[in-house]
Visitor: 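Have a look at this one before I ask anything.
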Amino acid sequence: MSKSNYLNDVHQVAELIPKGRVTSYGAIAEYLGMKSGARLVGWAMNAAHSNPKVPAHRVVNRNGLLTGKAHFATPTRMQELLEAEGIKVLDEQVVNFQNIFWNPLIEL
DNA sequence: ACACTGACCACTG
DNA sequence: CCAGTGGCCAGTG
């Protein structure tokens with residue numbers, strides 16, 4: 001298996017995202033100490049397929065846009081999962097994003 | 001060992 | 001406003 005630290009950390013943080021809340025790749029990256037390692041978070045999320053516990057649908061980009069939706073089973077899967085938690089999505093974008101944004105730096 | 005890629009972000013022109 | 005570039009870390013060819 002891998003010895004990658006960030007991958008494991010990213011997954012652990014993602015698992016801590018409360019239901020009905022969302023966070024951004026950059027926020028997780030910053031929490032882990034990466035200034036601009038948001039890409040790694042995206043890569044980690046891609047690897048998160050092995051971890052069904054990781055709610056990848058709660059991780060969006062800094063604009064609240066569902067950039068990762070294309071990587072789900074279906075392009076609409078991510079939005080449906082979010083709406084099932086009470087998160088409204090309009091035009092691939094989380095509504096009230098700022099309000100439900102979960103920042104690990106502050107809340108964790 | 002080298003080059004390229006990736007579910008991103010911020011800056012510059 | 002849109003396009004391009006650098007930066008971060010790990011994986012793959």
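Per chain, numbering begins at 1; letters A, B, ... match sequence-line order.
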Visitor: Report the distance from atom CD1 of A:I28 to atom P of B:dG6, rounded to the nearest whole Å.
Guide: 21 Å
Visitor: Pick base, sugar-phosphate or nothing for A:N61, based on heavy-atom distances below 4.0 Å to the nucleic acid.
Guide: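 Touches sugar-phosphate only.
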Visitor: B:dA10, OP1 or OP2 - any side-chain N/O from A:R62 closer than 4.0 Å?
Guide: yes
Visitor: Take atom NZ of A:K35 and atom P of C:dC9, then tell me their distance rounded to the nearest Å.
Guide: 11 Å
Visitor: What integer distance in Å separates A:I17:CD1 from B:dA7:P?
Guide: 18 Å
Visitor: Take the protein atom CE of A:M34 and the nucleotide atom C1' of B:dA7, then report the distance between them rounded to whole Å.
Guide: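 In whole Å, B:dA7 C1' lies 14 Å from A:M34 CE.
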Visitor: Of the nucleotides B:dA7, C:dA10, C:dC8, which has the atom closest to the A:R39 side chain?
Guide: C:dC8
Visitor: In terms of side-chain heavy atoms of A:A38, which of B:dA7, B:dC9, C:dA10 is nearest?
Guide: B:dC9
Visitor: Quote, to the nearest angstrom, the C1' distance that separates C:dC2 from B:dA7.
Guide: 23 Å
Visitor: Separation of A:N51 atom CG from B:dA7 atom P, in whole Å?
Guide: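 In whole Å, B:dA7 P lies 18 Å from A:N51 CG.
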Visitor: List the steps and the verdict of side chain to side chain contact (heavy atoms under 4.5 Å, CB included) for A:V22 and A:I17.
Guide: CA-CA 7 Å; A:V22 293; A:I17 303 172; 5.9 Å; no
Visitor: Can you measure A:Y6 atom OH to B:dG6 atom C1' for me and round it to whole angstrom units?
Guide: 17 Å
Visitor: Using the rule given for side chain to side chain contact (heavy atoms under 4.5 Å, CB included), can you reason through A:V41 versus A:V13, listing the C-alpha separation, both sets of side-chain angles and the distance that settles it, and then say yes or no?
Guide: CA-CA 11 Å; A:V41 179; A:V13 175; over 6 Å; no
Visitor: Can you confirm whether A:R62 is buried at CZ, in the sense that more than 12 heavy atoms of other residues, nucleotides or ligands lie under 6.0 Å from that atom?
Guide: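 No, because the 6.0 Å sphere around CZ of A:R62 holds 12 heavy atoms or fewer from other groups.
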Visitor: Can you tell me the pairing partner of C:dT5 across any strand shown, Watson-Crick or G-U wobble, with both distances under 3.5 angstrom?
Guide: B:dA10
Visitor: Without swapping roles, check the side chain of A:D91 against the backbone of A:Q93 for a donor-acceptor pair under 3.5 Å.
Guide: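 Flag not set: sc A:D91 to bb A:Q93 has no pair under 3.5 Å.
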Visitor: Can you tell me the distance, in whole Å, between the CG atom of A:L66 and the P atom of B:dA7?
Guide: 14 Å
Visitor: For A:H49 and C:dG11, what is the distance between atoms NE2 and P respectively, to the nearest whole Å?
Guide: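 Value for this atom pair: 16 Å.
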Visitor: Among B:dA7, C:dA10, C:dC9, which is the nearest nucleotide to the side chain of A:N46?
Guide: B:dA7
Visitor: Taking only side-chain nitrogens and oxygens of A:S36, does any of them come within less than 4.0 Å of OP1 or OP2 of C:dG6?
Guide: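 Negative; the distance criterion is not met.
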Visitor: What I want to find out is whether A:E85 reaches A:K19 closely enough, with some N-O distance under 4.0 Å, to be called a salt bridge.
Guide: no
Visitor: Base, sugar-phosphate alone, or nothing: which one does A:A44 contact when heavy atoms must sit under 4.0 Å apart?
Guide: nothing
